[in-house]
Amino acid sequence: MVVLYRQALRHYLIKSSAFLQNVPNHRPHLCFFQASAHFWAPQKRQGSQVARISLDKQPAHLSIYTALRNMILSGDLAPGQAVTIQGLCELLGGSTTPVREAIRRLTSERALHFQGNRRVSVPVLTLPQIDELTFARVALEPELARRALKNMTSELIDELAQIDAQVDLAIELGDVKSYLQTNHRFHMTLYDAAHSDILLPAVNSFWLRSSPSLRVICGRKGTQHLPDKHQETIAALRAGDGEAVARAIGQDIRQGMDNIRAALLETRAQDGEVTRKVS
């Protein structure tokens, strides 16, 4: 049973998130984007050496949580899309117990919502919630970026530039899932350098709430309307200008959240038009 579970989880990770190779970050929140063909879990720095831990050594409930969290961040579960617990067990290759534990954790993080009848879904954001998320993200993420500058190295800035090149390629190709993954990786690689045990977990929860809605927007309008402020951020990092770094990240976040808000208003307007025609 354990062997079958591991094979199923490997298959899912290859299909859904195994697109990055040898990621040098080491914080737990990045582990779901660090799966390579060898399925590495979070990496710990030891001087110039990197000790890699195989995902096979993770407890079943943690592996399932990681995979399900990745699905939410990548928009594989759309807002309002109900899935059964049994369906998730079959998809993730796990038994009911670790899947339920993963759902419990993600429900406590407000990333999933119980609908009853053994079904869960990603919550659909309301306008007030979008406004609150915008306020919170614009307040915290620029501060994380500003603090990250204190621990910035030329190697890490080069890494951010490489990730941004992947973001740009995803936009050019119209690859929505790759865009979401690499954009998330850019921000978390930057924020991780702040070494924050309080602000960073809060920001992670905000991304869990907003990423699925961004996937919906990209699915409707594509990626070409998603220019970012990453190059401005990188230039400010190279210049050692903390205020410019914070300003660029703040503009980047607000731009993305404004797109989500505009899309919701557009959807409501279309629904209202349909209702008027029917009545």
Visitor: Could you go step by step and tell me if Gln181 and His184 meet the side chain to side chain contact (heavy atoms under 4.5 Å, CB included) rule?
Guide: CA-CA 5 Å; Gln181 290 173 326; His184 179 271; 5.9 Å; no
Visitor: Measure the OG-CG distance between Ser196 and Leu140 for me, rounded to the nearest 0.5 Å.
Guide: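 Between atom OG of Ser196 and atom CG of Leu140 there are 9.0 Å.
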Visitor: Between Asp158 and Arg238, is a salt bridge (Lys or Arg N to Asp or Glu O under 4.0 Å) present by the stated rule, with each step listed?
Guide: CA-CA 10 Å; Asp158 289 342; Arg238 294 194 190 280; 3.2 Å; yes
Visitor: Using the rule that two of Ile, Leu, Val, Met, Phe, Trp, Tyr join whenever any of their side-chain heavy atoms come within less than 4.5 Å, decide whether Val122 and Phe114 are in one cluster.
Guide: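 Result: yes, single cluster for both.
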Visitor: Counting C-beta onward and ignoring hydrogens, is there a side-chain heavy-atom pair between Ile85 and Ile103 closer than 4.5 Å?
Guide: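 In short, these two side chains touch, coming nearer than 4.5 Å.
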Visitor: Do Val83 and Val120 make a side-chain contact, defined as non-hydrogen atoms from C-beta onward lying under 4.5 Å apart?
Guide: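 SC-SC contact between Val83 and Val120 confirmed.
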Visitor: Roughly how far apart are Met188 CE and Glu141 CD, rounded to 0.5 Å?
Guide: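 Going from CE on Met188 over to CD on Glu141, the span is 6.0 Å.
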Visitor: Does any non-hydrogen side-chain atom of Ile72 lie less than 4.5 Å from one of Trp207?
Guide: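 Not in contact.
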Visitor: What's the verdict on side chain to side chain donor-acceptor pair (under 3.5 Å) for Ser210 and Arg137, showing C-alpha distance, side-chain angles and the deciding distance?
Guide: CA-CA 10 Å; Ser210 57; Arg137 293 186 62 188; 3.2 Å; yes
Visitor: Looking at Asp252 and Asp228, would you say the former's side chain and the latter's main chain have a donor-acceptor pair under 3.5 Å?
Guide: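 Between the backbone of Asp228 and the side chain of Asp252 there is no qualifying donor-acceptor contact (under 3.5 Å).
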Visitor: Are the side chains of Arg215 and Lys177 in contact, using a 4.5 Å heavy-atom criterion?
Guide: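 Lys177 reaches Arg215 side chain to side chain.
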Visitor: With side chain to side chain contact (heavy atoms under 4.5 Å, CB included) as the criterion, how do Asp131 and Arg261 come out once you've worked through the C-alpha distance, each side chain's angles and the decisive distance to 0.1 Å?
Guide: CA-CA 8 Å; Asp131 290 342; Arg261 194 179 199 283; 2.8 Å; yes
Visitor: Taking atom types as modelled, is there a side-chain donor on Ser121 or Gln81 under 3.5 Å from an acceptor on the other?
Guide: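 No.
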Visitor: Measuring from atom CG of Asn259 to atom CD of Glu266, what distance do you get when rounded to the nearest 0.5 angstrom?
Guide: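 These two atoms lie 11.0 Å from each other.
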Visitor: Can we say Asp241 and Arg146 salt-bridge, meaning some charged N sits less than 4.0 Å from an Asp/Glu carboxylate O?
Guide: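 No, no charged N to carboxylate O under 4.0 Å.
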Visitor: Please test Glu155 against Glu159 for side chain to side chain contact (heavy atoms under 4.5 Å, CB included), starting from the C-alpha separation and ending with a verdict.
Guide: CA-CA 6 Å; Glu155 291 79 11; Glu159 181 188 347; over 6 Å; no
Visitor: Quick one: side-chain contact (heavy atoms from CB on, under 4.5 Å) partners of Ala165, sequence neighbours excluded?
Guide: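 For Ala165 there are no side-chain contact (heavy atoms from CB on, under 4.5 Å) partners, ignoring immediate neighbours.
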Visitor: Apply side chain to side chain contact (heavy atoms under 4.5 Å, CB included) to the pair Arg118 and Arg100, showing each step before the final yes or no.
Guide: CA-CA 10 Å; Arg118 296 171 61 85; Arg100 283 185 177 276; 2.7 Å; yes
Visitor: Any idea which heavy atoms bring Leu73 and Ser211 closest together, and the distance?
Guide: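 Closest approach of Leu73 to Ser211, heavy atoms only: O-CB, 3.4 Å.
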Visitor: If you measure only the distance, is there a donor-acceptor pair under 3.5 Å linking the side chains of Glu101 and Tyr65?
Guide: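 There is no such pair (donor and acceptor under 3.5 Å, judged by atom type) between the side chains of Glu101 and Tyr65.
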Visitor: Using side-chain contact (heavy atoms from CB on, under 4.5 Å) as the criterion, list what pairs up with Ala148, not counting sequence neighbours.
Guide: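 By the side-chain contact (heavy atoms from CB on, under 4.5 Å) rule, Ala148 matches Met152, Leu190, Ala193, Ala194.
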Visitor: Evaluate the side-chain proximity of Arg69 to Leu208: yes if any heavy-atom separation is below 4.5 Å, no if none is.
Guide: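 Sidechains of Arg69 and Leu208: in contact.
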Visitor: Where do Gly87 and Thr84 come nearest, in terms of heavy atoms and distance?
Guide: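 Answer, listing the atom of Gly87 first, then Thr84: N-OG1, 2.8 Å.
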Visitor: How long is the span from the CD1 atom in Ile157 to the OG1 atom in Thr153, to the nearest 0.5 Å?
Guide: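 Between atom CD1 of Ile157 and atom OG1 of Thr153 there are 7.0 Å.
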Visitor: To the closest 0.5 Å, what do you measure between CD (Gln162) and OG1 (Thr189)?
Guide: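 With rounding to 0.5 Å, CD (Gln162) is 11.0 Å from OG1 (Thr189).
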Visitor: Could you check whether any side-chain N or O of Ser178 sits under 3.5 Å from a backbone N or O of Asp175, counting only pairs where one atom can act as donor and the other as acceptor?
Guide: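 A pair under 3.5 Å: no.
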Visitor: So which atom in Pro79 and which in Pro123 form the shortest heavy-atom distance, rounded to 0.1 Å?
Guide: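 Of all heavy-atom pairs spanning Pro79 and Pro123, the closest is CB-O, 3.8 Å.
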Visitor: Do the non-hydrogen side-chain atoms of Leu214 and Tyr179 ever get within less than 4.5 Å of each other?
Guide: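 They are in contact (side-chain heavy atoms under 4.5 Å apart), so the answer is yes.
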Visitor: Check the angle between the aromatic planes of Phe186 and His230 and answer parallel, tilted or perpendicular using the 30° and 60° thresholds.
Guide: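 Correct class here is parallel.
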Visitor: Are Leu125 and Leu265 linked, directly or through other ILVMFWY residues, by side chains that come within less than 4.5 angstrom of each other?
Guide: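 Same hydrophobic cluster.
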Visitor: Are the side chain of Gln129 and the backbone of Thr126 linked by a donor-acceptor contact shorter than 3.5 Å?
Guide: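 Yes; judged by distance alone, with no hydrogens or angles, the pair exists.
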Visitor: Just how far is it from atom CG of Leu112 to atom OG1 of Thr107, taken to the nearest 0.5 Å?
Guide: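 Going from CG on Leu112 over to OG1 on Thr107, the span is 5.0 Å.
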Visitor: Closer than 3.5 angstrom, by distance alone: can the side chain of Ser74 be matched with the main-chain N or O of Met71 as a donor-acceptor pair?
Guide: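 Checked: no pair found.
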Visitor: Report yes if the side chains of Leu200 and His195 come closer than 4.5 Å at any heavy-atom pair, otherwise no.
Guide: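 They are not in side-chain contact.
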Visitor: Transitively linked via ILVMFWY side-chain contacts under 4.5 Å: Leu156 with Leu149?
Guide: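 Yes.
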Visitor: Do Leu68 and Leu77 make a side-chain contact, defined as non-hydrogen atoms from C-beta onward lying under 4.5 Å apart?
Guide: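 Heavy-atom side-chain distance check passes, below 4.5 Å.
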Visitor: Quick check: is Val124 connected to Met257 through a chain of hydrophobic side chains (ILVMFWY, heavy atoms under 4.5 Å apart)?
Guide: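 Result: no, two separate clusters.
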Visitor: Could you tell me which non-hydrogen atom of Thr96 sits nearest to which non-hydrogen atom of Cys89, and how far apart they are?
Guide: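 Answer, listing the atom of Thr96 first, then Cys89: CA-SG, 3.7 Å.
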